[in-house]
2 protein chains.
Amino acid sequence: MTDLKTGANLLFLREEEIRQGVELLFYAYRDFTGEPDKILARYGFGRAHHRALYFVGRKPGMSVSELLSILHITKQSLSRVLKQLVDDGFIDQRPGDHDRRQRLLTLTAKGAALERELFVRQRERFSRAYRAAGAEAVNGFRKVLAGLADEPPPALARPPISGK
Amino acid sequence: MTDLKTGANLLFLREEEIRQGVELLFYAYRDFTGEPDKILARYGFGRAHHRALYFVGRKPGMSVSELLSILHITKQSLSRVLKQLVDDGFIDQRPGDHDRRQRLLTLTAKGAALERELFVRQRERFSRAYRAAGAEAVNGFRKVLAGLADEPPPALARPPISGK
DNA sequence: CATATAAGTCAACATGACTGACTTAAAGAC
DNA sequence: GTCTTTAAGTCAGTCATGTTGACTTATATG
C-alpha cells in the first residue's frame, strides 16, 4: 500500500477505470438491443429493420443516402431491409421535390405503430436509468457518449413542426 | 411558445431527450466497435473473437459457462470462435482444479498481445472522451450505463495479484 | 447408482454484413 | 446538348455470427 500514487499505479487505475467503462458499454448495449429483437422477430424482422424504422421515423423524408451515412453500411445491405419494409407496408418512398433521383423515406401508419411499439420499451429502459442516475448524470452520460463517437453526431433535427 | 410547460410538452421534451440518448448510444457503439474490427480482420477474426479475448483477458481462468453468461450467446456460437482462438494459439484451456469438467480459459502470450493491441485503441478513444467530458461526467456515464443494463453487471474482479 | 452439470459436437438455417460489377434515371457542368 | 457525376437499385457470391435441436462424453453430486 506504499505506492498508491506512483505513475505505474496511476496508469493501472486509469486502465481499470477504462475497462469498467468498456464493460458497462457492452452490457448496456447488449440488453438495450436484446429487448426489441424479441418483438421484431414476431414480424420477421431483425435489428437492421429496427434501425431503418427508427431513423426514418426520426427524420421523415430522409433520403436513402442520408440513411446510409448514419448507419455506415453498404447500400446493398440497406436495400435488402428497406425493400422488405416497403413491400410489407411499413415505409413509403416518394421522389424528392428538388431532386427526383432521390427516394425520400417516410413511415406509414403501420410503420409508425411498430416504431412506437419498439420505442416505448426502450424509452422505459432509459427512463428507469435516467431517473435512477439523476439529471446531472444524464448530462455526463451524453457528454461521454458524444466523445466516444468519431464525429459530432449529426443534428438529426426534425423538420419544424408545421402549422401556426 | 405559450405552452412550454404543459404536460404534453413536458412529455415531448422527455421523449426528445431519450431519443437523443438512444442515438448517442448507437453512434458511440458503432464507432467504438468499428475500429477494432479492422485490426481483427487482419487476423481473420471478427467481433466475437474480440469479446472472447477481452473477457478472458479480464478474468484469466474463467470457465466456458462463465463466459457464456457474460456474452448471452449459445454455446454453439461461442465454441466456434473459441475453437479458432485455441487452434490458432491465442487462448489456452486447462481443466478446473476443483471441477475437472471445466475448461478454464487463459490468454497465451500471443493472445495477450492481440488483446492489448485492440485495447490500446479503445483506451485511446475512452481517454479522449473522458478527458473532454471531465471526471463528473464520467461518473454520470457509468451510472446511466449501469442502469440501462438488465442486472447490475457482475463484479468481474481480477483474481488478486499473487506474489509477495 | 442415478441424475445433473460442463463442455463439446454435428447439422441445418437465418440475418446482416461484405465485395464487385452493372443498370437506370436524373442532375449538373461545360 | 452532350458529357460526367450522382442517387438509387440490382444481381451474384461470400463470410461472420447468431439461432434451434439432438446427441455425446466426462465428471460431479445426491
Side-chain angles (χ1 to χ4, degrees), chain A residues 26 29-31 33-34 36-56 61-88 91-105, chain B residues 26 29-31 33-34 36-56 61-88 91-105:
Chain A
F26 170 74
Y29 199 81
R30 179 196 67 185
D31 296 336
T33 53
D37 285 355
K38 291 175 201 157
I39 299 171
L40 289 157
R42 296 204 302 259
Y43 294 83
F45 293 151
R47 201 172 293 179
H49 301 84
H50 187 189
R51 290 183 195 132
L53 282 173
Y54 180 90
F55 285 108
V56 170
M62 165 182 276
S63 71
V64 172
S65 60
E66 204 172 348
L67 186 50
L68 280 173
S69 75
I70 288 175
L71 299 178
H72 286 190
I73 59 175
T74 60
K75 64 176 172 178
Q76 294 92 328
S77 290
L78 177 58
S79 84
R80 198 190 315 111
V81 304
L82 219 44
K83 192 173 189 312
Q84 289 177 273
L85 289 167
V86 169
D87 288 351
D88 295 357
I91 283 186
D92 264 348
Q93 291 176 322
R94 66 165 200 277
D97 303 323
H98 304 298
D99 186 339
R100 296 204 319 275
R101 293 172 304 179
Q102 293 181 326
R103 304 211 189 161
L104 305 186
L105 307 167
Chain B
F26 170 74
Y29 198 81
R30 179 196 68 185
D31 296 335
T33 53
D37 284 356
K38 291 176 202 158
I39 299 170
L40 289 156
R42 296 205 302 260
Y43 294 83
F45 293 151
R47 200 171 294 179
H49 301 84
H50 187 189
R51 289 183 195 131
L53 283 173
Y54 179 91
F55 284 107
V56 171
M62 165 182 276
S63 70
V64 172
S65 60
E66 203 172 350
L67 186 50
L68 279 174
S69 76
I70 288 175
L71 299 177
H72 287 190
I73 58 174
T74 60
K75 65 176 173 178
Q76 294 91 330
S77 290
L78 177 57
S79 83
R80 199 189 308 115
V81 303
L82 220 44
K83 191 174 188 312
Q84 289 177 271
L85 289 166
V86 169
D87 288 351
D88 295 357
I91 284 185
D92 263 348
Q93 290 176 321
R94 66 166 200 277
D97 303 322
H98 305 297
D99 186 339
R100 296 206 319 276
R101 292 172 304 178
Q102 293 182 324
R103 303 211 188 161
L104 304 186
L105 307 168

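Residue numbers start from 1 in every chain, and the chains themselves are labelled A, B, ... in the order their sequence lines are given, proteins ahead of strands.
- Side-chain proximity of A:Gln102 to D:dA7, C:dA7, D:dT19: nearest is D:dA7.
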Just the table, please: protein N/O against nucleotides 23-29 of chain C N/O, every pair under 3.5 Å.
| residue | atom | partner | partner atom | Å |
| --- | --- | --- | --- | --- |
| C:dA27 | OP1 | A:Arg100 | N | 3.3 |

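- Here the CD-CZ distance, from A:Gln102 to A:Arg94, works out to 10.0 Å after rounding to the nearest 0.5 Å.
- Following rounding to the nearest Å, B:Leu68 (CG) and C:dT9 (P) show an atom-to-atom distance of 14 Å.
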Decide side-chain contact (heavy atoms from CB on, under 4.5 Å) for A:Phe26 and B:Arg51; before the verdict, give the C-alpha distance in whole Å, the side-chain angles of both, and the deciding distance to 0.1 Å. CA-CA 9 Å; A:Phe26 170 74; B:Arg51 289 183 195 131; 3.7 Å; yes
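- Taking every heavy atom of both residues into account, A:Leu40 and A:His50 meet most closely at CD1-CB, 3.6 Å.
- From A:His49, atom NE2 reaches atom CZ of A:Arg80 across 8.5 Å, with rounding to the nearest 0.5 Å.
- OP1 or OP2 of D:dT19 has at least one side-chain nitrogen or oxygen of B:Ser77 nearer than 4.0 Å.
- Proximity of A:Leu82 to A:Leu105: side-chain heavy atoms (C-beta onward) are separated by under 4.5 Å at one or more points.
- We find that CD1 of B:Ile73 is positioned 16 Å from C1' of C:dG16, with the value rounded to whole Å.
- Computed from coordinates, the A:Leu78 CG to D:dT10 C1' distance equals 14 Å when rounded to whole Å.
- Contact record, B:Ala48 with B:Val81: CB-CG1, 3.7 Å, taken as the closest heavy-atom pair.
- Taking 4.0 angstrom as the limit, B:Arg103 places a side-chain polar atom (N or O) nearer than this to OP1 or OP2 of C:dG8.
- One can place NE2 of A:His49 at 8 Å from P of C:dT15, the figure rounded to the nearest angstrom.
- In this structure, B:Leu104 and A:Ala48 both approach DNA chain C, and ranking their closest nucleotides by distance from the 5' end singles out B:Leu104.
- Residue A:Ser65 has a polar side-chain atom (N or O) positioned under 4.0 Å from OP1 or OP2 of D:dA8.
- Residue-to-nucleotide contacts include no donor-acceptor pair under 3.5 Å from the side chain of B:Gln93 to the base of C:dG8.
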Kindly determine whether B:Asp88 and B:Phe45 satisfy side-chain contact (heavy atoms from CB on, under 4.5 Å), including the steps that lead there. CA-CA 11 Å; B:Asp88 295 357; B:Phe45 293 151; 3.7 Å; yes
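- Residue A:Gln84 contributes atom CD, which lies 13 Å from atom P of D:dT10 at whole-angstrom precision.
- Ranking D:dT10, D:dG18, D:dT17 by closeness to the B:Arg51 side chain, first place goes to D:dG18.
- Looking at the side chain of B:Gln76, the nearest of the listed nucleotides D:dT17, D:dT19, C:dA7 is D:dT19.
- Look at CG on A:Leu82: it is 10 Å from P on D:dT10, rounded to the nearest Å.
- When all heavy atoms are compared, the tightest approach of A:Thr33 to A:Arg30 is OG1-O, 3.2 Å.
- Terminal axes of the helix from C:dC1-D:dG30 to C:dC30-D:dG1 (five pairs each, C1' rotation axis) are separated by 30°, to the nearest 10°.
- Of the side-chain N and O atoms in B:Thr74, one or more sit less than 4.0 angstrom from OP1 or OP2 of D:dT19.
- In this structure, A:Lys83 NZ and A:Ile91 CD1 are separated by 13.5 Å, a value rounded to the nearest 0.5 Å.
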Could you please spell out the steps behind the side-chain contact (heavy atoms from CB on, under 4.5 Å) verdict for A:Val64 and A:Lys75? CA-CA 8 Å; A:Val64 172; A:Lys75 64 176 172 178; 5.8 Å; no
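- Atom C1' of nucleotide D:dG18 and atom CZ of A:Arg30 are separated by 15 Å, given to the nearest angstrom.
- One atom, CZ of B:Arg80, and another, C1' of C:dA14, lie 12 Å apart when rounded to the nearest Å.
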